[in-house]
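Just so we're clear, the structure is a prediction, and the values are computed from it rather than from any experiment. All chains are named by letter (A, B, ...) in the order of the sequence lines, taking the proteins before the strands, and each is independently numbered beginning at 1.
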Protein chains: 2
Amino acid sequence: MARQPASGDRPTVKDVAASSGVSATTVSRVLAGNYPVSTATRARVMKAVRELDYVINAQARALGGGGTKTVAFIVHDLVGPSFAYVGQGVEQQATAEGRLCLVCTTHGDPERELELIELMREQQAEAVVLVGGGTNSRTYLERMTQIARALDKSGSRLVLCGRPPLGPDVPATVVEYDNEGGAYAITSYLISLGHRDIVFMGAGEPGHTTIDGRLRGFERAHQAHQLSAPSQQAVAITFDRQSGYRATRDLLAAGRKFTAIFAATDVVASGVLVALREAGLRVPEDISVVGYDDIPLATDLTPMLTTVHVDYEELGRTAVRHALNRDRHAMSQHTVMGVHVVIRDSAGPLPKPARR
Amino acid sequence: MARQPASGDRPTVKDVAASSGVSATTVSRVLAGNYPVSTATRARVMKAVRELDYVINAQARALGGGGTKTVAFIVHDLVGPSFAYVGQGVEQQATAEGRLCLVCTTHGDPERELELIELMREQQAEAVVLVGGGTNSRTYLERMTQIARALDKSGSRLVLCGRPPLGPDVPATVVEYDNEGGAYAITSYLISLGHRDIVFMGAGEPGHTTIDGRLRGFERAHQAHQLSAPSQQAVAITFDRQSGYRATRDLLAAGRKFTAIFAATDVVASGVLVALREAGLRVPEDISVVGYDDIPLATDLTPMLTTVHVDYEELGRTAVRHALNRDRHAMSQHTVMGVHVVIRDSAGPLPKPARR
DNA sequence: ACCTCTATAGTTAACGATTTCTATGCAAGC
DNA sequence: GCTTGCATAGAAATCGTTAACTATAGAGGT
């Protein structure tokens, strides 16, 4: 007689097997479809599966056969505009490759990040994607290298998204985008419009690789045009609206001479715009403003922001794709993705009479 | 002699046991800390754990002892501003309760949603959180009820976030916010400013419970002030910027008389603002505009948007909290969260000479 | 007729932990 | 001195599935 599964318990292969008069192995084979089973048997098994509303136990499957089809995504927080897009890309590619996606947030706490990586090792995630700028400190690099090795030994893969590579002999997948190139391009654009006094708003956090790259591009563009690299850089300690707003007000109050502001991120730029508007300055007639990231906000600002487009979603997709489809024994992987300037309304030619 | 784990394999309790000269049971007990173990033994085991860099296998643990500590989060997409906040809240609460968070996106495909729920059943997720407006159709309700029962039987819990409840005898947790109340409040605010010709921009998708609620609040506010409920409603088929923009242009082109626009969402409002500005109309001097949701964008718009604040993050937290800490045998749970009007700069008193 | 091969199905042992049950040594109580 | 009881540790069963062997019929070749 068919074994009656206890109420509240979910049916197992054994229940299905009993109910359809075959062995558990056969049920497994029908479900996996990787072994010849007669049509009649298959039909009986499928019928029992439907009647019992059987679903497989993913844990047991992972334990017995192939691993967990899981990718982990560790991020500062989910609501940051660029983070969300990377996450979207990671989830998309994970799904496309038949994996599920675990997501965790660190809220910027490095200890928490370590805990989470450990947790993901327990979970046997096939890839652990870390997103967001890390610092370039020695301890950071050492710790990441150690983690990369530990994950590798567990059959997993460390993926760094928008962080600097660790070294050629470290088993990790790194996907970056061209911070320096984008900053170079958009600075050149401002210079070509006639601007000579450009403020880079976003220094002040040395070691932050994303910002460092952008600053490098900014300086390189000045050198390429035989301009002295301006040391005039407004400090925006935190990279939020408020700090962009305050830094701009301070700049104006100090009577600094400038005709354009290069905000290190679009979010900072949104604060800059508010401060300029409050000061009665028109953008771009009086002052030009550009940003970086091209988050959706950029088109909602007034005026619409000229900025550098980064395809964050593709960044996430590429990260997962490379991590899962790498050559066995491929140690270090490193990809740099391109970016491009998006010209909108917030930057214009130099005003004729230097207004300030 | 200590068993040498094969290279590439991760060490197991057995390896740790062999290496420290105790049984697997003892290792398990040291790690779990739920059974007396002598100090000396504990030290030896911990040393072996550290030396072998042992991490537990979450799958095996789930299979043997307690279930998977996992909550699933199924959402339209990750980049929607309100979705991201709900996700943040879900992840936060899940972490606070010692759970991990699986996240999947449907991109609006109901079939995909079904597949994902099935997948989550396989994963034994303790709760499955569904976010985003569903329709109120009969088939939808039936299907959800069936799913709720299936999940319940598997020991899991269906959680509906911002969707209508299914019924008192359906095992599900529902967390909504007060769409109608918020719309009532902000409409009353507009009326108190003197507005009598208010356009509700966002009809046209009957059965969408979120929008229906807001529309109901809009109409009820008119009734409460002895005003005839205006049938003048601009249709915004899709709830994005573009449709808000177009609908507003059409409205102006048709020469419709109105002094205020109630956009069904902040995103729609951002499109409305662009269209009004292009038409040379000032906000709020000529036309008042209000939105709904209070996403971060609301403070980046020009002028800053008066809108209804919804605490999406708290919504996500509440959903998880209720799902995990419910009474055993509690069938239906239903919570409605409050919202409140946030007054900023986009709505003002009725202009003296009716400009249009 | 005999042997081999293939299609089909079952047995049994992993997988890596937890969780009863047992079992021992040693202190305390009578 | 003998039972009682607690602290400590191990053996074995269990969770649900897969994979590696085994086993049995017929089909087809010689």
Side-chain angles (χ1 to χ4, degrees), chain A residues 3 5-6 8-46 48-49 52-69 119 121-124 154-155, chain B residues 3 5-6 8-46 48-49 52-69 119 121-124 153-156:
Chain A
R3 177 189 149 194
D9 268 6
R10 33 199 287 169
T12 72
V13 271
K14 266 190 200 141
D15 298 314
V16 175
S19 167
S20 49
V22 299
S23 73
T25 305
T26 302
V27 173
S28 172
R29 298 209 259 242
V30 167
L31 262 25
N34 55 2
Y35 198 86
V37 174
S38 77
T39 320
T41 307
R42 179 190 319 281
R44 283 218 315 287
V45 169
M46 290 312 289
V49 165
L52 297 177
D53 194 20
Y54 167 81
V55 285
I56 210 169
N57 181 322
Q59 269 69 40
R61 193 224 294 272
L63 190 54
T68 76
K69 297 298 193 192
L119 261 180
R121 210 140 75 92
E122 295 182 0
Q123 295 290 329
Q124 316 240 82
S154 304
Chain B
R3 177 188 150 194
D9 269 5
R10 35 198 283 168
T12 72
V13 272
K14 265 190 200 141
D15 298 314
V16 175
S19 167
S20 48
V22 299
S23 72
T25 307
T26 302
V27 174
S28 171
R29 297 210 260 242
V30 168
L31 263 27
N34 54 3
Y35 198 85
V37 174
S38 79
T39 320
T41 308
R42 180 193 316 283
R44 283 218 315 288
V45 169
M46 290 312 289
V49 164
L52 297 178
D53 193 20
Y54 168 80
V55 285
I56 209 169
N57 181 321
Q59 269 68 42
R61 194 225 290 274
L63 190 54
T68 77
K69 298 296 192 193
L119 262 179
R121 212 140 75 91
E122 296 182 0
Q123 295 290 330
Q124 317 239 85
K153 228 172 45 186
S154 305
S156 181

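Contact annotation: B:Tyr35 does not reach the phosphate of D:dC6 (side-chain N/O to OP1 or OP2, under 4.0 Å). Residue A:Ser23 has no polar side-chain atom (N or O) positioned under 4.0 Å from OP1 or OP2 of C:dT11.
Partners of B:Thr41 by side chain to side chain donor-acceptor pair (under 3.5 Å), not counting sequence neighbours, listed by chain and number: B:Ser38.
Taken from NZ in A:Lys69 to CD in B:Gln123, the straight-line distance is 12.0 Å, to the nearest 0.5 Å.
Base contact: B:Thr25 has a heavy atom under 4.0 Å from a base atom. Within the 4.0 angstrom heavy-atom criterion, no nucleotide atom of any strand lies near A:Val27.
Applying the side chain to side chain donor-acceptor pair (under 3.5 Å) test to residues at least two apart or on different chains, the pairs with a partner in residues 52-64 of chain A are A:Asp53-B:Arg121.
With hydrogens and angles ignored, a donor-acceptor pair under 3.5 angstrom links the side chain of A:Arg29 to the base of C:dG10.
Here the P atom of nucleotide C:dC15 and the CG atom of B:Asn57 are 12 Å apart, to the nearest Å.
When each of B:Thr26 and B:Gly64 is assigned the nucleotide of DNA chain D with its nearest heavy atom, B:Thr26 is the one assigned upstream, toward the 5' end.
Comparing C:dA17, D:dG16, C:dT18 by their closest approach to the side chain of B:Ser28 singles out C:dT18. The nucleotide whose nearest atom lies closest to any side-chain atom of B:Thr41 is, among D:dA9, D:dA19, D:dT18, D:dA9. With D:dT17, D:dG10, C:dG16 as the choices, the nucleotide that has an atom nearest any side-chain atom of B:Ala60 turns out to be C:dG16. Taking the side chain of A:Asn34 as heavy atoms from C-beta on, and the options D:dT17, D:dA19, C:dT8, the nearest nucleotide is D:dA19.
For the pairing with B:Val49, the side-chain contact (heavy atoms from CB on, under 4.5 Å) check across B:Ile56, B:Asp15, B:Leu31, B:Val55 returns one residue only, B:Leu31.
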